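Please read the structure below before turning to the comments.
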Protein chains: 2
Amino acid sequence: MKKKIVRIKDIAEKAQTSKGTVDRVLHNRGRVADDVRERILAIIKELNYEPNLIAQSLKSQRAFNLAALIPDPNLDSYWEAPHNGLEKAEKELRQYGVHITKFIFNSHSDTSFIAKAKEVGREHPDGLLIAPIFYKEALPFFKEWADMGIPYVLFNTQIEHVHPLCYIGQDSYRSGSLAAKILRFGLHSPATVLVAHVNEDISNSAHLITKEEGFRDYFKGEKLDGTFKVISKEINFPEEEGPDKQLDEIRKQYPDLGAVYVTNSKAFEVAAYLEKNALNDIKLVGYDLIGPNQQYLNKGIIDFLINQNPLGQGYWGIHQLANYLIFKKEIPAIKFLPLDIITRENLDYYLDPQ
Amino acid sequence: MKKKIVRIKDIAEKAQTSKGTVDRVLHNRGRVADDVRERILAIIKELNYEPNLIAQSLKSQRAFNLAALIPDPNLDSYWEAPHNGLEKAEKELRQYGVHITKFIFNSHSDTSFIAKAKEVGREHPDGLLIAPIFYKEALPFFKEWADMGIPYVLFNTQIEHVHPLCYIGQDSYRSGSLAAKILRFGLHSPATVLVAHVNEDISNSAHLITKEEGFRDYFKGEKLDGTFKVISKEINFPEEEGPDKQLDEIRKQYPDLGAVYVTNSKAFEVAAYLEKNALNDIKLVGYDLIGPNQQYLNKGIIDFLINQNPLGQGYWGIHQLANYLIFKKEIPAIKFLPLDIITRENLDYYLDPQ
DNA sequence: TTAAAAAAAGTGTTCGAGCACGCATTTGGA
DNA sequence: TCCAAATGCGTGCTCGAACACTTTTTTTAA
């Protein structure tokens with residue numbers, strides 16, 4: 001009935017040796033006779049010893065300086081959530097000696113990114129969390145950090161062949177398919193469906209392309225090619241203007257426009273246009289629970305949002321580093337976060353999770 | 001730059017007293033002169049002291065015997081998930097001395113419930129997690145447990161006026177509205193919408209009624225009364241037979257049946273019927289990711305499932321007890337879990353969370 | 001054969017909070 | 001005035017693991 005906690009001392013007693021020796025076996029600090037080692041290992045297995053993390057971290061007491069290289073939330077409110085997420089994680093992990101230094105760059109300026117990335121190197125953090133939105137500019141730094149032995153976790157943007165400790169984010173392909181599924185569910189008569197990449201430098205954003213693939217493949221897979229026509233456009237405009245001109249153009253060309261899928265968090269821009277022109281029948285799906293999106297979701301102009309859980313990305317990113325550095329756990333190379341479907345009725349539950 | 005951890009000793013030094021005294025102030029163990037108490041309190045606030053949970057629980061080391069009063073998962077696979085959830089929580093909390101004893105009753109037998117509930121009382125656990133699916137039978141026990149000073153957490157079924165430490169589950173009303181929203185999105189031409197209570201004793205299941213209310217109110221709120229007609233039926237049948245007869249009847253009466261909302265985890269029964277009769281155009285929404293439901297979700301016969309996160313209910317239930325008993329945290333009276341919308345494309349992420 | 005070196009194993013202190021214990025001072029009642 | 005009780009508050013041990021340090025044992029070389 002009683003679950004006895006196995007301590008190092010128990011193992012030592014059973015093996016007729018001292019806890020110091022057991023400790024040496026556990027941490028491979030050598031200087032233990034082979035037969036004793038074998039005996040201890042066997043007993044550890046037999047008693048199913050699990051180190052007491054509590055006592056462990058109470059003792060070790062060392063500081064872990066983590067660095068976070070992320071965009072300025074003042075320039076794009078999408079980045080507020082990751083900030084909150086890593087602050088939440090920092091709070092939880094402070095007890096374990098975790099401290100995070102933020103290196104904040106301008107998401108519109110590659111030089112600012114490079115400057116901050118250099119700074120990170122100079123700081124020699126124990127671990128690094130990074131949103132590598134500048135793909136090409138980031139590449140040389142990954143090599144540098146690897147050489148310095150700094151483990152780094154990527155989030156938000158998945159990059160191939162750079163061997164991070166872990167990538168945290170969503171499966172972009174699936175994400176696109178999901179958006180397609182939802183819109184398909186709401187569409188009935190033949191219609192044109194628009195994939196809109198709004199105000200984003202597509203050349204630096206491979207994941208948006210992947211989303212589009214997933215989206216298109218869904219419609220192909222459902223053998224609906226005849227009924228639905230998928231088109232995609234990059235819609236760029238200065239902030240003051242809005243996308244009106246481009247969308248007018250598209251509607252003129254495709255009068256049967258039935259749905260719009262916005263591949264980033266800028267769905268509110270399209271929503272504003274739809275509202276202005278009273279286009280209630282055009283379905284709209286986008287990403288992220290930023291303020292303007294929430295408003296249009298509540299108005300019913302945006303039908304569904306897919307939550308990329310940017311807060312969770314920051315939170316889990318830091319936790320993965322801690323799991324690796326402090327708790328010596330195995331880290332999966334990819335941690336996909338759920339594709340949460342959000343609508344007016346369940347929005348609340350995703351705003352401040354847990 | 002450095003985040004200094006404030007210790008009791010630091011407070012003691014600043015207050016020119018000993019850590020023992022600070023400790024007495026912190027835990028209201030009296031025997032401290034008023035002026036000293038004031039001074040210490042002020043310093044605690046000033047330094048923003050937060051007790052080191054690690055050291056705290058390392059010391060205390062006392063055993064917490066929790067009891068879980070839940071239905072047998074072998075009789076209804078829905079209950080597997082809560083079992084897994086509380087095992088997961090137990091694993092995490094074993095370090096803190098938590099041990100869970102399960103009292104498993106037959107979900108179809110009130111006498112079995114009563115017998116197990118009595119057993120719980122005899123065991124005098126430190127805390128109790130309970131799925132009170134027998135409403136009337138449970139009432140006297142709540143009083144008994146309260147008198148014994150055993151805190152209890154409810155999950156799955158919300159009961160009014162019994163003052164649990166906390167209720168864990170979903171907002172049934174919202175849950176119904178959400179289902180309505182989804183089905184509404186997929187419906188176009190005028191149609192009849194069926195709310196199906198499948199094989200459930202409705203008199204003991206207030207939350208199913210609440211779901212139906214939420215569902216109906218959504219359609220009312222949207223001013224769609226004219227276009228959509230909401231009907232509700234209790235559909236009871238022996239396991240071997242299936243709901244075919246009842247559903248045939250309903251379809252005869254309402255030939256324009258466009259959607260079915262199953263208020264519990266039995267959507268697969270309706271799905272089997274729809275598949276058999278090739279009724280591809282009838283939309284179907286139900287609850288819970290149990291095996292049969294998953295199959296029909298993958299086939300596209302069930303369009304969406306709402307995840308009640310039964311695993312999370314067990315997991316969080318135990319955690320709330322631990323937060324209360326061990327970490328002395330404030331417990332909210334209600335913890336609503338998110339209303340997750342699940343479809344084929346995002347199912348994976350919800351199967352084994354975190 | 002023995003001394004020195006190397007290897008193996010044991011000992012003791014540390015981390016922060018909880019709490020039992022007990023000393024010192026004050027208070028109260030006769 | 002004197003003793004006992006009550007109050008105020010400091011000391012020191014505890015928890016489990018880590019690691020430096022010490023002691024013991026074994027090996028090697030002279």
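Bear in mind that the values here come from a model prediction, so they are computed numbers and not experimental data. Lettering of chains follows the sequences in order, A, B, ..., and the numbering in each one begins at 1.
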Worksheet item: Does K116(B) make a cation-pi contact with F103(B) (under 6.0 Å, within 45 degrees of the axis)?
Response: no
Discussion item. Is it the case that the base of dG12(D) and the side chain of K19(B) share a donor-acceptor contact (distance under 3.5 Å, atom types as modelled)?
Written reply: yes
Worksheet item: Quick one: the side chain of R24(A) and the base of dA8(C), do they pair up donor-acceptor inside 3.5 Å?
Response: no
Could you tell me the separation between the [atom1] atom of [X] and the [atom2] atom of [N], rounded to a whole number of Å?
| X | N | atom1 | atom2 | value |
| --- | --- | --- | --- | --- |
| I11(A) | dA9(C) | CD1 | C1' | 16 Å |
| D34(A) | dA9(C) | CG | C1' | 15 Å |
| K59(A) | dG16(C) | NZ | C1' | 12 Å |
| I54(A) | dT14(C) | CD1 | P | 23 Å |
| L58(B) | dA18(D) | CG | C1' | 13 Å |
| R39(B) | dG8(D) | CZ | C1' | 13 Å |
| E50(B) | dG16(C) | CD | C1' | 15 Å |
| D10(A) | dC15(D) | CG | P | 12 Å |

Examine [N]: is either OP1 or OP2 under 4.0 Å from a nitrogen or oxygen in the side chain of [X]? Give yes or no.
| X | N | result |
| --- | --- | --- |
| Y96(A) | dC15(C) | no |
| H27(A) | dC19(D) | no |
| Q56(A) | dA18(D) | yes |
| T17(B) | dC9(D) | no |
| Y49(A) | dA17(D) | yes |

Discussion item. Once you apply a heavy-atom cut-off of 4.0 Å, does N52(B) come out as touching a base, just sugar-phosphate, or nothing?
Written reply: sugar-phosphate
Worksheet item: With a non-hydrogen cut-off below 4.0 angstrom, is I8(B) in contact with a base, only sugar-phosphate, or nothing?
Response: sugar-phosphate
Discussion item. I need the minimum non-hydrogen distance between G317(B) and L129(B), along with the two atoms involved.
Written reply: CA-CD1, 3.7 Å
Discussion item. Which heavy atom of L154(B) sits nearest to which heavy atom of P132(B), and what is that distance?
Written reply: CG-CG, 3.8 Å
Which one, [options], comes nearest to the side chain of [X]?
| X | options | result |
| --- | --- | --- |
| D23(A) | dA9(C), dC19(D), dC19(C) | dC19(D) |
| R29(A) | dA9(C), dC9(D), dA18(D) | dA18(D) |
| A33(A) | dT14(C), dC15(D), dA8(C) | dA8(C) |
| S18(B) | dT11(D), dG10(C), dC19(C) | dT11(D) |
| V36(A) | dA9(C), dA18(D), dA17(C) | dA9(C) |

Worksheet item: So, do D126(A) and I150(A) sit near enough that their side-chain heavy atoms are less than 4.5 Å apart?
Response: no
Discussion item. By nearest heavy atom, map D35(A) and R7(B) onto DNA chain C; which one lands nearer the 5' end?
Written reply: D35(A)
Discussion item. Can you classify the ring geometry of F141(A) versus F113(A) as parallel (below 30°), tilted (30 to 60°) or perpendicular (above 60°)?
Written reply: perpendicular
Discussion item. Is it the case that the side chains of Y167(A) and N156(A) hold a donor-acceptor pair, with the cut-off being a distance below 3.5 Å and no angle test?
Written reply: no
